[in-house]
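Note sheet for the following structure.
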There are 2 protein chains.
Amino acid sequence: MVKMSDVAEKANVSKATVSRVLRNPEAVKKDTRDKVLAIIEQMNYQPNILARHFRRSQTNTILVVVPNIMNTVFSHILGGIEHAAGENGYRVLLANTNKQVEREYEYLDHLKQRQVDGMILLSARMDKNVLTEVMKQFPVVLTADYLEGVAIPTVTIDNVSSARTATEHLINMGHSRIAHITGPLHLLVSQDRLKGYRQALLQNGLAFDNILIQEGDFSHESGYNQMTKLMALEKPPTAVFSANDEMATGVIKAAKENGLSVPGDLAVVGFDNIKLSAIYDPGITTIAQPTFEMGKKAMELLLEQINGIEMGKRQHVLENELIIRESCGANFKKNG
Amino acid sequence: MVKMSDVAEKANVSKATVSRVLRNPEAVKKDTRDKVLAIIEQMNYQPNILARHFRRSQTNTILVVVPNIMNTVFSHILGGIEHAAGENGYRVLLANTNKQVEREYEYLDHLKQRQVDGMILLSARMDKNVLTEVMKQFPVVLTADYLEGVAIPTVTIDNVSSARTATEHLINMGHSRIAHITGPLHLLVSQDRLKGYRQALLQNGLAFDNILIQEGDFSHESGYNQMTKLMALEKPPTAVFSANDEMATGVIKAAKENGLSVPGDLAVVGFDNIKLSAIYDPGITTIAQPTFEMGKKAMELLLEQINGIEMGKRQHVLENELIIRESCGANFKKNG
DNA sequence: ATACTAAATGTAACCGATTTCATTATGAGT
DNA sequence: ACTCATAATGAAATCGGTTACATTTAGTAT
């Protein structure tokens with residue numbers, strides 16, 4: 001393996017000059033630079049990146065902590081991160097936690113040991129104080145999740161207002177008995193979507209019926225099960241706002257099996273706008289999370305920190321959008 | 001930052017001994033070892049991993065080259081890789097190529113520069129000779145794709161036989177006019193699935209009608225469009241084997257819109273067994289690719305290479321399975 | 001030409017662990 | 001007690017760039 005000193009020798013310059021040609025070309029006279037570059041080319045010299053990382057204690061690598069890569073939402077955010085990282089010469093190290101806090105803690109060591117230059121969390125289950133301590137010392141960004149009372153840079157969407165939009169859409173369609181199937185209520189996202197649902201009802205002077213709120217776990221099956229319960233009510237709902245798309249498919253399936261037509265007898269709105277919602281029959285009206293953009297933005301915020309640029313806003317809320325398809329009854333033709 | 005020499009000093013031993021305690025404990029007397037360990041604990045010493053990587057020119061990191069992380073099949077394989085990697089103390093660096101060959105080539109440099117200890121490709125678009133050259137020097141495994149005439153360790157499923165199984169299933173259900181919507185035919189996977197389809201027809205003495213073979217691109221829309229074409233035929237098919245699940249949903253959608261019931265008037269079989277196929281209405285009969293296992297196996301093969309273990313088989317073909325749901329008409333109850 | 005400043009290059013220390021080789025301690029066997 | 005093999009430890013070189021600082025070269029102004 002040809003190394004920098006070999007190049008230096010052949011070019012009749014010092015290692016330092018070769019190094020400068022590579023990392024700080026303006027500091028070298030054009031003649032010298034060209035000469036060195038030619039030799040580099042000729043000898044097919046490739047710098048030893050590990051030596052560089054070691055010396056500079058910088059790796060041009062960031063760590064992305066994901067609860068579960070196999071989840072579409074996360075893999076799309078990851079896509080956005082990867083994209084922005086690549087554009088800026090950074091590499092992405094993957095950390096799948098399988099939702100285990102311990103693994104979050106484990107990966108913290110990568111930061112502390114400077115194996116990576118920064119970290120993007122797609123879920124923060126760890127202790128707030130620990131995280132606060134970490135973010136004081138290292139570049140960290142949180143996205144797709146948030147924590148109250150932690151001044152960590154965050155990229156999210158406004159789940160409350162989105163849920164409100166979704167629910168209001170159903171209200172505007174003339175529904176007054178609207179059920180909500182929530183996500184796991186220990187998650188802030190789920191609580192926020194529930195909050196938005198509540199707000200929409202109240203602001204529109206609608207009665208608020210606790211029996212219409214059922215907790216799911218974001219799975220198809222839970223949507224199916226909770227909907228089955230809802231249909232058994234004396235006064236079943238005429239519309240359902242499901243906290244994600246996958247549960248919405250369960251809702252629709254249960255409704256159909258019960259002889260209800262969607263959207264004829266039951267209007268459904270989901271959340272996330274995963275591919276599935278466009279493909280499903282009927283197409284599911286849903287709130288589109290700008291997942292790719294979230295990832296991209298998160299990476300940009302991280303870069304600002306890494307480069308020591310003073311950040312203005314720390315909390316970034318991205319716009320989301322109501323995508324109207326068939327399941328809510330507002331549109332019987334569109335495909336989306 | 002406390003370093004190894006600090007520990008050595010405090011423990012009254014040499015750096016070498018501290019290093020041995022960490023990397024090769026058996027080589028140190030128990031007394032010394034315990035003493036050093038205690039000091040390490042006490043001083044909260046963390047070895048500088050970058051220095052280690054540099055010195056050993058080994059990173060305990062592998063590179064995974066993915067055409068598109070946002071694709072479920074790939075993200076699941078990635079899940080398997082990540083799992084096996086983690087279990088063996090390896091980290092996963094993500095390389096999304098967006099299907100661009102140039103990016104595959106770019107990432108080759110990571111290997112050559114020893115920034116990673118090995119590479120798993122989920123798609124090989126690069127030149128065969130280049131790849132052959134690379135795999136002679138570095139640990140490489142290919143999965144989810146394969147190349148003819150390259151002796152690279154590969155983990156795949158048998159697309160030909162799986163497609164045959166899928167098609168035969170439709171034949172067994174009494175169909176004789178079976179269409180096939182293929183994937184992009186420049187991909188080996190697509191060609192293989194087509195081959196299997198052909199074999200099934202021939203082996204069962206069925207007429208082989210070219211008009212029933214339509215090329216799609218794995219998207220929902222293409223399934224929809226090709227099915228629309230097929231239904232316009234004088235003698236339309238009574239069954240369709242779609243080269244993936246997403247296109248199968250398009251097929252079903254087109255059929256429904258045309259007043260056909262699935263499976264009543266049209267039987268459909270897909271491929272991949274992505275979550276969607278279980279959730280869709282009707283549930284889609286499909287071939288299950290053991291994606292997670294493929295990833296796991298690929299990582300294991302890579303580890304063997306990294307550790308210099310002589311590999312027996314180089315080509316690993318994993319078992320796949322026909323998952324029977326509603327869309328083929330064999331089962332009207334199951335949910336899957 | 002001279003002095004002085006700025007640009008260009010060189011020298012050498014340095015990052016921190018790993019590992020080879022030499023040296024010393026330990027223990028078994030007679 | 002003595003020899004010899006083996007285990008345990010230490011000293012020092014090494015991995016290959018980067019960078020602070022010193023030195024030389026070039027350029028400008030007078």
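Atom set for the values below is all heavy atoms of this structure, side chains included, hydrogens, waters and symmetry mates excluded. By convention in this document, chain letters (A, B, ...) are assigned in the order of the sequence lines, proteins followed by strands, and residues within each chain are numbered from 1. Being a predicted model, the structure only gives us computed values, none of them experimental.
- Considering only the side chain of A:Phe54, D:dG16 comes nearest among D:dG16, C:dT9, D:dA11.
- Contact annotation: B:Thr17 side-chain N/O to D:dG10 OP1/OP2 distance is under 4.0 Å.
- Applying the side chain to side chain donor-acceptor pair (under 3.5 Å) test to A:Ser57 and every residue at least two apart in sequence or in another chain returns nothing.
- B:Val18 comes within 4.0 angstrom of no nucleic acid atom, judged by non-hydrogen atoms across all strands.
- Side chain of A:Ala51, nearest nucleotide from C:dG16, D:dG16, D:dA8: D:dG16.
- Dashed line: the shortest gap from a side-chain N or O of B:Thr32 to OP1 or OP2 of D:dT9 is under 4.0 Å.
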Hey, what are the protein-to-nucleotides 21-28 of chain C N/O distances that come in under 3.5 Å?
none

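- Counting any heavy atom pair closer than 4.0 Å across all strands shown, A:Asp31 reaches no nucleic acid atom.
- Taking the six-membered ring where tryptophan is involved, the planes of A:His83 and A:Phe292 are tilted, since the angle between them lies from 30° to 60°.
- For A:Arg52, counting side-chain heavy atoms from C-beta on, the closest listed nucleotide (C:dA17, D:dG17, D:dG10) is D:dG17.
- At a non-hydrogen distance threshold of 4.0 Å, nothing from residues 36-48 of chain A comes into contact with DNA chain C.
- Residue B:Lys3 places its side chain closer to C:dA17 than to any other of C:dA17, C:dT18, C:dC14.
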